[in-house]
Amino acid sequence: MTDTTAFDWRSFLLGWSEEWADSLAADDDTRSEDDEAARQTRQLGFPPASEERIAAMEQRLGRRMPPSYREFLEVSDGWRHAGGFVWLLAGTEDARWHNDESGLGDLFEEYLDEDAEPEERQEADLWRRGLQLDVESDATYVLMDPDDVDEDGEWAVYTWASWRAAPPERHADFRSFMRDMHREFHCLRANPGDGEPAFVNGTTRRLDAQVEEARLEALRGGWEQAAKALEEAREYGRPRAAWLGDQIRRLLGQTHLVSFEGVAVDPRYARELLPLVVSEHAAHSYRDDSTLKSGLRGADDEVVSMAHTLLDEMRSGAYRYTAAGPFGEAVDRARELARWGDTDAAWRTLIDAVPRWEPLGPDHVAPLGWVADPVLGPLLTPERGRELLSTPRGGQAGEAPGPTAGLDPGGLAWLAEPDSGNNRTSYRFVLVEGVEPEELPERLTDDASVLNDPMTSWDAHSARLRGKREFSSYDDRALMAVGRAGTGWSFAFDGHPAPFDGRRLVSPAARASAGTRAVVVWSDLRAGHRERCFHLSVAQDGIEQYAFTYADGEIGQSGEIPRTLDPSLFFGGRADGAEAERSLLEAVAGEFGVRLPRHAIVHGRLHTFVTRSWTRPPGDGEGYTVLRFETAPMWAGSEPAPEEGLESG
């Protein structure tokens, strides 16, 4: 229901008129006589329309006017400068049916598909039935729709301008339209040009005080109330409201609504907010850096230089967020946890330090630079963003929120669930007890490879393929992400292994287990097998203790397998292969007290390295395939090859 009875049109229009007059330079000789007279009288409106004039208008048009438009006419029979693009708005004499005078009804109809929604057809018909209120404008139409009526008899108002390249904008009623135009006027005058008076009035003072209170409320943890207050002020063009609200929106994951325009290039805040601007550019620019300038308007040379340095760091994965004080110390601890996969503990470390975080200045309401950090950024989810925003900080008191649930389910059984793309067909991993993750290359390679910098699984595989021209089935060197697998264990995980071949498999468990224990698991469901293959091998002190492989309905095993891991408990009699896999993964997790961190593996950035081959060389009579390309294929980071070579051995 629209409440128009409580709206004070006279005060609203008088205040708008005075704000408009005060925003104009007194000595502007380009102003029209009518506008100059309006400035001097401080009146954008006209004398009120009598009931007789309104009744005559309604008789001429054949319809009773909606309540809020009638109430407006009773105060002012028309209006000058409704927003920035409608110079004269109709009163009782000038309102008229549009009757598609513009031809836009036919134009809109041409673009309708056969299966167009009723709302789209109604939009096209608006130009034939609408009541036109714009009299003079900058190619802007204002139409009231007598077919779009609410329960109070209010007609919706639609505005449209060709230069906006957008569909008609709907306003719930005439009162809403006028308030929106008042906001538009404020937005256009919020930043006066040279020679124009400062734009300060009762509305701006009220909204600026509201922004300051919202800032304090945000620091107290009341982000929802703060966001509403900031949004109202932003709609009126109050600059602080926009960038304070951007900080809240960014932590909620609303990246498409965020620009930090103005404040990100302020030297006081650049080290905290500029990384977010640059990281968005790096993620979507495809190496075209011409658009970066649009996010750096007003930046001095030092900030521009900082932005380009950040861009290089973002693209190379070298950016590291730092902060001062206790929060900065927690950032370092959280990164160390996150880079080895313990994202839940990393988040708790970070969020527990938020109450001790201090803003860099009066336009800073939350720590944000960590979101651009390649290792820390994946910690953020909308739920966690709300938890951070709800946490009192910056010296303000408030009620602390309850903790959000962890993102990792623990154990290994999550591997049996479909991934977010519903296409996880295979995986393999190595678990080693009593060693740190950075020690795994020594056990799984022949050359003690150095770990790559943390990166996503996609980026790691793309980097490995980039420029590669030869692909062979001779050996199977796995690209594996590493991290901690629970208390006392480390893992190396490959989510995109080569097809499983049990005949040539050489489990890395034995060599990885020197002086300790190692566990290898490989699950595969791909071409050549009727159902999922599963391999488990366990070694200690360099010797394989037991192993089994389930493939094509057959179980091959060796050594003394613990009862809890006996493959006959899981395979053969079960109809549901996924349930068998889940049960076996639960048994492995229980037997060794291990887990794999789902969030870090699926969404995070981890160190990687390439192992020695998981397959033995082909024996007599066994063939292999080598594919050679003249240039690297598209999926290897280059253009498709014009010629391909195939060699079999």
Side-chain angles (χ1 to χ4, degrees), residues 3-4 6-25 39 42 44-45 79 81-86 159 169 171-193 196-252 254 257-264 266 268-269 273 297-298 359 361-366 389 394 396:
D3 180 13
T4 59
F7 189 65
D8 186 349
W9 277 103
R10 190 172 304 278
S11 296
F12 171 67
L13 296 176
L14 178 61
W16 187 348
S17 294
E18 292 175 346
E19 292 171 352
W20 176 84
D22 291 341
S23 72
L24 302 176
R39 186 191 72 82
R42 300 169 67 78
L44 284 172
W79 191 253
H81 296 291
F85 309 102
V86 178
T159 56
E169 181 179 358
H171 312 263
D173 50 44
F174 183 78
R175 183 188 72 169
S176 299
F177 161 74
M178 288 294 278
R179 297 189 70 171
D180 288 344
M181 294 305 99
H182 182 236
R183 280 190 283 266
E184 182 176 271
F185 154 70
H186 265 262
C187 283
L188 293 171
R189 299 298 176 91
N191 299 294
E196 295 180 336
F199 189 65
V200 179
N201 49 62
T203 301
T204 63
R205 284 190 286 268
R206 175 183 68 82
L207 290 171
D208 289 346
Q210 179 173 305
V211 168
E212 179 57 21
E213 176 53 33
R215 179 184 75 88
L216 296 174
E217 182 63 22
L219 290 172
R220 290 191 288 265
W223 65 271
E224 291 177 287
Q225 179 179 338
K228 291 177 182 177
L230 291 171
E231 179 60 19
E232 180 190 4
R234 186 190 68 82
E235 290 175 347
Y236 279 86
R238 307 317 299 156
R240 292 186 69 211
W243 56 62
L244 288 171
D246 276 351
Q247 295 172 54
I248 293 174
R249 285 185 283 273
R250 183 61 185 85
L251 285 171
L252 297 175
Q254 300 169 4
L257 300 175
V258 169
S259 69
F260 303 114
E261 188 168 355
V263 72
D266 186 324
R268 289 176 297 175
Y269 308 108
L273 300 180
R297 283 192 291 267
D363 291 324
H364 193 196
V365 294
L389 289 168
Q396 298 296 312

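- With contacts defined as side-chain heavy-atom distances shorter than 4.5 Å, the pair F199/H186 qualifies.
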Pair R249-E231, salt bridge (charged side-chain N to carboxylate O under 4.0 Å, His left out): steps then yes or no: CA-CA 11 Å; R249 285 185 283 273; E231 179 60 19; 3.7 Å; yes

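- Between R240 and E212, the closest side-chain pair of non-hydrogen atoms falls below 4.5 Å.
- Judged by distance alone, the side chain of Y236 and the main-chain N or O of C187 form no donor-acceptor pair under 3.5 Å.
- Two residues are said to be in side-chain contact when any heavy atoms from C-beta on lie closer than 4.5 Å; L230 and R238 fail this criterion.
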Let me see the working for W20 and N201 under side chain to side chain contact (heavy atoms under 4.5 Å, CB included), right down to the final yes or no. CA-CA 10 Å; W20 176 84; N201 49 62; over 6 Å; no

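- A cation-pi arrangement, defined by a distance under 6.0 Å to the six-membered ring centre and an angle within 45 degrees of its axis, is present between R175 and F7.
- Nearest heavy atom pair, residue A21 against residue R39, reads CB-O, 3.7 Å.
- Counting heavy atoms from C-beta outward, W223 and L252 have side chains that approach closer than 4.5 Å.
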Begin from the C-alpha positions of W79 and M181 and carry the test side chain to side chain contact (heavy atoms under 4.5 Å, CB included) through to its verdict. CA-CA 11 Å; W79 191 253; M181 294 305 99; over 6 Å; no

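- There is a side-chain donor-acceptor pair under 3.5 Å between T203 and E19.
- Side-chain N or O atoms of D246 include none that pairs as donor or acceptor with a backbone N or O of V258 at under 3.5 Å.
- When side chains are defined from C-beta on, E184 does not count as touching V86, because their heavy atoms never get closer than 4.5 Å.
- Between E261 and W243, the shortest heavy-atom distance links the atoms O-CE3, 3.2 Å.
- Atom CZ of R183 is surrounded by more than 12 heavy atoms from other residues, nucleotides or ligands within 6.0 Å.
- Side chains of R268 and P359 form no contact here, defined as non-hydrogen atoms less than 4.5 Å apart.
- Judged by distance alone, the side chain of E196 and the main-chain N or O of G193 form a donor-acceptor pair under 3.5 Å.
- Neither side chain, S17 nor R42, offers a donor N or O lying under 3.5 Å from an acceptor on the other.
- The shortest heavy-atom contact between A241 and V211 is CB-CG2, 3.8 Å.
- Closest approach of M178 to W16, counting heavy atoms only: O-CZ3, 3.6 Å.
- Here the shortest heavy-atom pairing between H364 and L244 reads N-CD2, 4.2 Å.
- Between the side chain of Q210 and the backbone N or O of A229 there is at least one donor-acceptor pair closer than 3.5 Å.
- At least one donor-acceptor pair closer than 3.5 Å links the side chain of Q247 to the backbone N or O of V365.
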Starting from the C-alpha separation in whole Å, work towards a yes-or-no answer on side chain to side chain contact (heavy atoms under 4.5 Å, CB included) for L13 and L44. CA-CA 8 Å; L13 296 176; L44 284 172; over 6 Å; no

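- Rounding to the nearest 0.5 Å places CD of E232 at 5.5 Å from CG of L207.
- The two residues P197 and A25 have their closest heavy-atom pair at CD-N, 3.8 Å.
- Looking at H81 and F185, their side chains never come closer than 4.5 Å, going by heavy atoms from C-beta outward.
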